[in-house]
Amino acid sequence: LEEPLSFELGAEGKCGVDFDAADRAPAAGLSKFLRKAPPALPGLTEPEAVRHYTRLSRQNYAIDLGPFPLGSCTMKHNPRLNESMARLPGFADVHPLQPQTSVEGALEVIEQLADWLITLTGMASVAMSPKAGAHGELCGLLCIRAALDARGEERDVVLVPESAHGTNPATAAFAGFKVQSIPATPEGRVDLEALKAKLGPNVAGVMITNPNTCGLFEPDLKRIADAVHAAGGYVYCDGANFNAIVGKVRPGDLGVDAMHINLHKTFSTPHGGGGPGAGPVVLSEALAPFAPLPFVTRGADGTIHLVEEENRGEGHAQAFGRMVAFHGQMGMFTRALTYILSHGADGLRQVAEDAVLNANYVLRTCEDVLPAPFAKSGPCMHEALFSDAGLADGISTLDIAKGLIDEGFHPMTVYFPLVVKGAMLVEPTETESKAGLDRFIASLRSLAERAKAGDQSLHSAPHFAPRRRLDETLAARKPVLVWKGDAGEPAAS
Amino acid sequence: LEEPLSFELGAEGKCGVDFDAADRAPAAGLSKFLRKAPPALPGLTEPEAVRHYTRLSRQNYAIDLGPFPLGSCTMKHNPRLNESMARLPGFADVHPLQPQTSVEGALEVIEQLADWLITLTGMASVAMSPKAGAHGELCGLLCIRAALDARGEERDVVLVPESAHGTNPATAAFAGFKVQSIPATPEGRVDLEALKAKLGPNVAGVMITNPNTCGLFEPDLKRIADAVHAAGGYVYCDGANFNAIVGKVRPGDLGVDAMHINLHKTFSTPHGGGGPGAGPVVLSEALAPFAPLPFVTRGADGTIHLVEEENRGEGHAQAFGRMVAFHGQMGMFTRALTYILSHGADGLRQVAEDAVLNANYVLRTCEDVLPAPFAKSGPCMHEALFSDAGLADGISTLDIAKGLIDEGFHPMTVYFPLVVKGAMLVEPTETESKAGLDRFIASLRSLAERAKAGDQSLHSAPHFAPRRRLDETLAARKPVLVWKGDAGEPAAS
Amino acid sequence: MRYLPLTPADRTEMLARVGADSVDDLFVDVPEEARLSGPIEGLPMHASEMAVERHMTALAAKNLSAGSAPFFLGAGAYRHHVPASVDHLIQRGEFLTAYTPYQPEIAQGTLQVLFEFQTQVARLFGTDIANASMYDGSTACWEAILMAARVTRKGKAVLSGGLHPHYGEVVRTMARFTRDEIVSLGTELAAEPDDAAVIGAIDDATSCVVVQYPDVLGRIPDLAAIAEAAHARGALLVAVVTEPVALGLIEAPGALGADIVVGEGQSLGVGLQFGGPYLGLFGCREKFVRQMPGRLCGETVDAEGKRGFVLTLSTREQHIRREKATSNICTNSGLCALAFSIHLTLLGGEGLAQLAALNHARARAAFERLTRIPGVELLNSVYFNEATLILPRDAREVVQELAGRKVLGGVSLGRLFPVADGLGKGLLVAVTETTTDEDIETFATELESLLVGVPA
Amino acid sequence: MRYLPLTPADRTEMLARVGADSVDDLFVDVPEEARLSGPIEGLPMHASEMAVERHMTALAAKNLSAGSAPFFLGAGAYRHHVPASVDHLIQRGEFLTAYTPYQPEIAQGTLQVLFEFQTQVARLFGTDIANASMYDGSTACWEAILMAARVTRKGKAVLSGGLHPHYGEVVRTMARFTRDEIVSLGTELAAEPDDAAVIGAIDDATSCVVVQYPDVLGRIPDLAAIAEAAHARGALLVAVVTEPVALGLIEAPGALGADIVVGEGQSLGVGLQFGGPYLGLFGCREKFVRQMPGRLCGETVDAEGKRGFVLTLSTREQHIRREKATSNICTNSGLCALAFSIHLTLLGGEGLAQLAALNHARARAAFERLTRIPGVELLNSVYFNEATLILPRDAREVVQELAGRKVLGGVSLGRLFPVADGLGKGLLVAVTETTTDEDIETFATELESLLVGVPA
């Protein structure tokens, strides 16, 4: 059933909130600033609003409804305990600028989470304030910039493998670097020799994703790091795929200087339809002094201190500045810490093992019907990569993806990484059961068979979703970004 | 998509709860009582359980999804504030047998709600402990029994109009009375003269629903009460339909001796797929002394006391006993009080007015296409009554009801009250918007037109629900009440 | 007003459509002298969400919640840890705001849950079948007695002295009106339950014996022996379980011969709630199905042959059978049944066994410590997670004094059995997985300080 | 482990299927010397939900929550009452556990909400269009400066002294690396905002001026005059709104000539959250659309011609455009945008106006009372719900001392501007609809007692 826009449902003067009466009129001095009429925002009463959003929600697919095997996105179960802990008034109803004595528990959450992140990654320090993965990347690169500045060096090139997330080159550019690409080997790894060839005095560092976007561990990472370090650069590791290795190997042991951690991937904070995320960045000894303000430290006596502009003092003179107002994504910290404490050191290791086992199970049960370009290289990590080579003419990855919708599943990541034609990147995560995976695999296999047989009905999939395929070209050509229906321009219907 | 039973999903040894280890073995003396093996209950991990129940929930219709115009059931919006208040640890995490000094706030909730109920109904007292409407009816009749016992009279007949809820005669029988039926007038009211004719020394009282199940106010209620009282009986009023008159008229002013109030109807506590309800019973001066234990009283000094067996003393010697363990539906009390305070005296009056206006709007916009047997008598109260007389041969109320499902609505109450052929009892409640009602009315009118035109496709409705019509006869003939699939008897699939 | 979608303009338009000048025209049937001309006086007007929240929060703050103090109360209501996902799921609007599933095509969610619930209860109780829930344990107990009378066509029920006194009160209250005969055995401070007395009270007129398991003092009766004696005289055994978690550790009553098993399901999923809403559980032998009270959900197929579920055997029920119904019950405790079912699904059989083992272990730790206090003795020979302590003085006062020290130290038998002599020194102490070592130590220290004057 | 559905038997079977002897065979690519042989030492093992809940609850209890004390903090984060339905709705699994809507056919719920959100933000800000949200107000402010540079092809931004100092810090930090030029005007304790200084700082090299409205001291700049001056030199006006509730009472920045309006949306729906996650709002003129950062949701039709919504103009974004993207932003603040949008839908325009009027009225009540304290003066000539008090001594100490008395009495300018001289006696005090008369009285009494020694 169709759900109108809230603007189409609402009426002038409807309101779902009651107020005490204002007992004082606006101050006289305010009169020249007053608006003439309330904003043109029709309201809804509570019954109408609850129904509107409940009905809208049902047009979404979600991890609570079924597998969501988006490669590189790590859509795992979001425990409800995390939600209830984040809503404790002591966390949710605390102002970021309260005196430290009144927020010691909040600072302790940050410190405890920081301690776990440092220990799990084997690094020296962590910057907690970045707001999301890409923001964490930026933080890492700014640390590198700050470190180079401190050394008085003007290195302006960052090397990025061609299989990198799009955020990597964008971030490097945003941080003022020039990006140079490094090719992949036929086995889907970074080409070590090609990388070495590019190293030089102008290279600030390298950004590497590990496990990489082909779902493979970079076995040469330590050698890459050694080479980069020898050339005076730093190693940034994109930690989006940390879920595959948490508790199995510490990036710090592989020579990484900075790595962001998507709390919403490895540590299960909910994705919420596109955020908020949180992207703390762990840092090596070399970069730690440059971490941005504010941060939380634990003194030798166990007391916890918040370091901000006002008290950075000599000890933190090199901190490169502030990336955000306030302290970062506190609500995500409480969820992530709750998750981490629930799993413990043993559970997190099991997370990685089950995530990798589930991905390999998908790889091995489907490689006979779908080309798996790197399957012969050995086991994959947490995601299985397939390609649409060999399907019937005209049937492509997109059709398989939309066909999965009709089977009741969310599609995998498609056309990424770019190094594989018609890539399909399947990341089941550790929170899918074997029975659930078996159902998914059966659907994927059946779609592959239909695609090989040239079943043209796949072109028009999905058939059983709230919408058929949407015209994205139209949307981009004549962008309609706001509703203007009440201004005499009725919305399309 | 189909959702298996939890037993079909679960596996031995799966568990969605972690425990600290038990640090002591069972006591030796317990050995002869120990079970040999855990109960045969397969478990689910949390991700599986969340998905199972989320998916199951989506096979339900609910007030959060659209109108639920079940006559006499008062399916109105359930405010979320009520839910959050009921979950405050001070209410939800309190034991019923804690010392009174540690639960004064809880007792105050009961007392405040009691005070509102007494004031809104114009009665002398209220018994709070009944667990649901039918339980409240029982409470009211037991008060009557106790009052008669105290008078030393053995009256054993209760008069019940034929249009009564099925619970009325069942309750009367359960309380040890004989039931005699009173006919309805052609206008859908209690026949005052027929009732008077039955009064006599064997009549304990009368059970009347007001507004009645035809959606009409009983204009003779005061006269009925006077006649019953004159004959030495008591008047029980079924308060299921109090939503229509709250704040507009007080049953106490009409001579009622006892009336239960469905907190889940008038006062919006959620129905939860069939309960829990709560059925406090307001009582007249005559019946108040017999109210069951326990109850809460406010002393002259404003302090609140819980009266139980241990402290009933002389003042409450006539209380007829205990109907339930503990104090009643506390969780519903907090919700109802929250609702009542939100609306206030003015809002509750508006509730009744809007509920009645909405019902009359449905009545007057549909009476040209559907027979409305009592429409000529004047306005209805909170529900509009239609009949299937005049539809094409073979098409009945059931087909209209199932057709509404395909239109995206929950059906109205059907085949009740029994006094009307193929009754359709539509109760929109006050929380439907005019726009929402207009959509419902359009659907109902269209179905009526199709039914008159003999559209046979209505017989097989619903077509767009999670299930087609279900075989209720099969279910009753060979009852399958538990799953035995793992005992070698596979469930039907 | 935030919950009322009609605008003044809507009301005007709708009144015109129905042909009324004002809304009061719609209330013409209300006698004019009884019609209220405006909001009832002396009551407050509508209030903002914030104001109501403040009011209710202030009331809640006046209660000492179980989680904020060492807590040892049981006596038919137990504090267990409920997984956060349970409350999350029951708050989904599709469950929370649905009605009784009278239209099964669009209520399969509720119905399938009820079918799963019935299966879980039956397996937990060791009975063939179970219903879709009752109001609570005490009313389920009374319904079981009525049902036993229908099945046996006899009218005398024998209540063990180990039955929760509130349950006994409910039974006696109801029986007073229905004129059923109830034999209530006395409750005594003995280490063993009154199995012999129960067996001795059975005669040929007995419809059923009602035995709580574990009993209200935490003792565990020998159900098999009682069942045998009852069956020999044509009576049924009604077993009452107020702590279903116990059945993770001790044998199911149905497996020991109980014919009807009823109970209070609050322990799983529901929480303390100051006593309600709770959840009546009701299981019995399959052959009694048409004598059962309450709603039943059954499996069937739809017009396309797909498995589906419906409410069934409603010919027993009040809305069809009116005064001949098996019970007047209409509402069940659906949302509580959902919570119970989700919690039990998360546990599974093995989880329940672990939970029970942990409860028992915690209880052993507590009673080990508490009985080290001079003058404090344990009554029970065995117990699950609750047992009776004998104190050197009246336990009612002790409980009050403990509360003054912010310790919720159990339920005094004096409160539970106000008219019974000789029980006054009894203190019923319950311990669950939520009880920490610190809770036990604080309780013990404060109790000792009260009893023997050691400074706290 | 409760979140891991694979059983040991599953693992064995699956390993066999993938042809591995053990799970470590799947980690062969990890250099052996780096492979951990077991759980990392020194860290705790997995814990029950109850144990974790206890741990987290104990930490939460160490914080003085805003609801449990008289509370007067603002400075870019405001405490408003959020209707209970907002949190209920955002917790629906279909919203909470969905990903970025890359597959629009099964993400219309999220997408329609974003389209509604964009419309709401645009109407609130008085801009033509808005995006689907940014991380927070401070990062949105920096993105606006970058965008202004792209639009004007100039690289110098002028920051008003009334801009929140954290926002200024973020801008300067980022600009240090991008080598953009930032002119930061000083902040002074004046009754009026620094409009004249801002206007004076604009030259032909200026890409934009950044003005907060109301500003960080609660003063209200004359945006129309600044816009005119900026436009005359080819510069854009970036208005920054940290308290969107103000726009229920005072004119929208877009209507006064602002070209880009950014803000912090936390006030509506999101709550305090110790600073995050928050919600960056971003609106601008339609002609700048292809220079905008962040996700955009647009209307389109599906293959059957039905209205639907998709993420659009992604050619601006990093995953397509890589190093040439308008921003590196990927994640937005989707769930916070949902909460904001629900709250604003419940309010409607008239409700927002009422809420704003109530905030202002409460603030007037507070400042009337507080300025009756000897030595306490109000800096501002006008304010919305927040203003600056001048105390007779350093406000940092006063805030600390108030906290010791369980009063959260505002934000000291000394903390906000640690390096600025002459601001030390300034105390920024925010008042909202949640502030009661008792809160005000308690605050005033304690403050007076601290300042002039009247006993509390």
Side-chain angles (χ1 to χ4, degrees), chain B residues 15-16 22 24 29 33 35 38-39 41 43 53 56-57 59-64 85 88-90 93 95-96 99 102 105 131-132 134 166 169-171 173-174 217 253 272-277 310 321-322 325-326 329-330 344-347 360 364 379 433-434 465 467-468 475 480 482-483, chain C residues 5 10 18 23 26 29 34 39 43 45-46 56 59-60 62-65 73 89 93-94 97-98 100 105-106 108-110 119 135 138 166 169 173 250-251 274-277 298-300 302-303 312 318-319 322-323 325 328 330-331 334-335 346 348-349 351 353 357-358 361 364 382 403 418:
Chain B
C15 186
R24 282 164 180 79
F33 298 102
R35 60 189 308 150
L41 293 166
Y53 292 103
L56 276 183
S57 76
Q59 299 188 20
N60 272 3
Y61 191 92
I63 195 76
D64 278 5
M85 292 302 97
L88 291 170
D93 193 23
H95 191 284
S102 70
K131 290 271 183 178
T171 301
F174 209 71
F217 194 88
D253 294 340
E310 64 167 338
R322 181 180 282 270
F326 313 128
Q329 307 287 61
M330 181 67 187
D346 55 338
N360 277 281
R364 298 310 171 193
S433 69
K434 177 173 177 299
R467 282 289 176 280
R468 306 294 295 274
V480 177
V482 296
W483 187 71
Chain C
D10 290 335
V18 305
V23 74
L26 304 177
D29 286 337
L43 295 175
M45 298 293 121
H46 71 278
M56 296 303 290
L59 289 178
K62 287 185 175 183
N63 303 318
L64 182 61
S65 69
L73 280 76
L89 289 164
E94 293 92 332
T97 74
T100 306
E105 297 87 354
I106 48 174
Q108 287 296 305
T110 292
T119 306
Y135 301 138
S138 67
H166 283 183
E169 272 297 301
T173 296
I250 63 176
E251 191 53 271
F274 198 52
E299 183 181 320
T300 187
D302 80 353
T312 192
Q318 45 74 26
H319 62 285
R322 303 177 76 86
E323 63 267 31
N328 82 325
C330 174
T331 308
L335 202 69
L346 283 165
L358 179 57
R364 292 197 71 185
V382 297

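Just so it is clear: chains get the letters A, B, ... in the order the sequence lines come, proteins before strands, and each one is counted from 1.
- Of the listed residues B:Ala325, B:Gly90, B:Gly274, the one with more heavy-atom pairs under 4.5 angstrom with chain C than any other is B:Gly274.
- Interface remark: of the candidates B:Pro96, B:Gly16, B:Gly43, B:Gly29, B:Pro96 forms the most heavy-atom pairs closer than 4.5 Å to chain C.
- When each of C:Gly348, C:Pro277, C:Ala353 is checked for heavy-atom pairs under 4.5 Å with chain B, C:Pro277 comes out on top.
- When heavy atoms are compared at a cutoff of 4.5 Å, C:Val23 approaches chain B solely by way of its side chain, counted from C-beta outward.
- Counting heavy-atom pairs closer than 4.5 Å to chain C, the top residue among B:Ile63, B:Asp93, B:Asp253 is B:Asp93.
- Across C:Val18, C:Thr173, C:Asp302, C:Thr110, the residue that shares the most heavy-atom pairs under 4.5 angstrom with chain B is C:Asp302.
- Among C:Ala60, C:Gly93, C:Gly298, the residue with the largest count of heavy-atom pairs under 4.5 Å with chain B is C:Ala60.
- Among the candidates C:Leu358, C:Leu73, C:Val382, the residue making the largest number of heavy-atom pairs closer than 4.5 Å to chain B is C:Leu73.
- Ring centroids of C:His166 and B:Phe326 are separated by less than 6.0 Å, placing the two rings close together.
- Interface remark: of the candidates C:Gly349, C:Ala303, C:Pro418, C:Gly349 forms the most heavy-atom pairs closer than 4.5 Å to chain B.
- For the set B:Ser433, B:Ala475, B:Gly273, B:Pro38, the count of heavy-atom pairs under 4.5 angstrom toward chain C peaks at B:Gly273.
- The choice from B:Pro89, B:Ala62, B:Ala465 that makes the most heavy-atom pairs within less than 4.5 Å of chain C is B:Ala62.
- Of the inter-residue distances, the one linking C:Gln108 atom CD with B:Asn60 atom CG reads 8.5 Å to the nearest 0.5 angstrom.
- The line from CG of C:Leu59 to CE of B:Met85 is 11.0 Å long, rounded to the nearest 0.5 Å.
- Between chain C and the residues B:Gly344, B:Ala132, B:Gly347, B:Gly277, the most heavy-atom pairs under 4.5 angstrom are made by B:Gly344.
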* To do: Please test C:Glu105 against B:Arg468 for side-chain contact (heavy atoms from CB on, under 4.5 Å), starting from the C-alpha separation and ending with a verdict.
  => CA-CA 6 Å; C:Glu105 297 87 354; B:Arg468 306 294 295 274; over 6 Å; no

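- The main-chain N or O of B:Lys131 is found under 3.5 Å from a side-chain atom of B:Gln329 such that the two form a donor-acceptor pair.
- Heavy-atom distances place the side chain of C:Leu89, and not its backbone, under 4.5 Å from chain B.
- B:Arg35 meets the salt bridge (charged side-chain N to carboxylate O under 4.0 Å, His left out) test with no other residue; sequence neighbours excluded.
- Scanning for side chain to side chain contact (heavy atoms under 4.5 Å, CB included) contacts around B:Pro99 gives B:Thr101, B:Ser102, C:Val399, C:Gln400, C:Ala403, C:Leu408, with sequence neighbours left out.
- Counting heavy-atom pairs under 4.5 Å between each of C:Thr100, C:Thr119, C:Leu335 and chain B puts C:Thr119 at the top.
- A donor-acceptor contact shorter than 3.5 Å is absent between the side chain of B:Asp64 and the backbone of C:Glu94.
- Expressed to the nearest 0.5 Å, how far CZ of B:Arg467 lies from CD1 of C:Ile106 amounts to 13.5 Å.
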